[in-house]
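Computed from a prediction, not measured in an experiment: that's the story for all the values here.
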Amino acid sequence: MAKYEACILGLSLAIDMNVQELLIIGDSNLLVHQVLGEWATKNAKILPYLQCVQELTKRFTKIEFKHVPRIQNKFADALATLSSMIQHPDKNFIDPILIGIHKHPAYCAHAEEETDGNPWLHDIKKYLEKGEYPKTATHTQKRTL
């Protein structure tokens, strides 16, 4: 249902933006084939979602659905789940989520120097081996550890 809700939300947003031609790339093989009419819908709970998507698709001059396996697009899966959880006072609109995509991975180039001379993972390793917190650890540090 989350996939259908994300699809409906995207279609509604595209309609509001007066988009005429649309390519929908989804990771739900089931949704794509059901919307295209290639697979039947046996789940009665899904049927209203399917009908809504099919009605919305009629508003475009050209619309295409393409399946991308979830393993190749975890980002789409996360967005679909997120979109189904967001509640907005105006049911037809969601504030845009700004997402930055970088061409190169980011690396942390700054680390604080350890005051006790041990590497950063020393306390973690000691806790895992012996179940002991450092003697000077605060409550917050213990929770973090």
- Parallel, tilted or perpendicular: which describes the rings of His33 and Trp39, with under 30° parallel and over 60° perpendicular? parallel
- Message: Which residue is it: Leu31, Thr41, Asn43? I am looking for the one with a side-chain contact (heavy atoms from CB on, under 4.5 Å) to Leu50.
- Response: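 By the side-chain contact (heavy atoms from CB on, under 4.5 Å) criterion, Leu50 pairs with just one of Leu31, Thr41, Asn43: Thr41.
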- Message: Under the side-chain contact (heavy atoms from CB on, under 4.5 Å) test against Cys52, which residue among Leu11, Ile8, Leu47 passes?
- Response: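 Running side-chain contact (heavy atoms from CB on, under 4.5 Å) over Leu11, Ile8, Leu47 with Cys52 returns exactly one hit, Ile8.
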- Query: From Glu21 CD over to Thr61 OG1, what is the distance, rounded to the nearest 0.5 angstrom?
  - Reply: 4.5 Å
- Item | Rounded distance [0.5 Å steps], CD in Gln20 versus CD1 in Ile15 | 10.0 Å
- Message: Suppose we screen for side chain to side chain contact (heavy atoms under 4.5 Å, CB included). Which residues come up paired with Lys66, at least two apart in sequence or across chains?
- Response: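 Applying side chain to side chain contact (heavy atoms under 4.5 Å, CB included) to Lys66 gives Leu23, Ile25.
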- Student check: side-chain heavy atoms of Phe65 and Val53 closer than 4.5 Å: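 Phe65 reaches Val53 side chain to side chain.
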- Message: Using the side chain to side chain donor-acceptor pair (under 3.5 Å) criterion, which residues pair with Glu64? Sequence neighbours excluded.
- Response: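 If we apply the side chain to side chain donor-acceptor pair (under 3.5 Å) test to Glu64, skipping adjacent residues, there are no hits.
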- So, Lys126 and Glu129, do they make that salt bridge, N to O below 4.0 Å?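 No salt bridge links Lys126 with Glu129.
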- Given the rule that I, L, V, M, F, W and Y join up when any side-chain heavy atoms are under 4.5 Å apart, are Leu30 and Val35 in one cluster? no
- Item | Among Gln34, Gln54, Glu5, Lys3, the one residue meeting side chain to side chain donor-acceptor pair (under 3.5 Å) with Tyr49 | Glu5
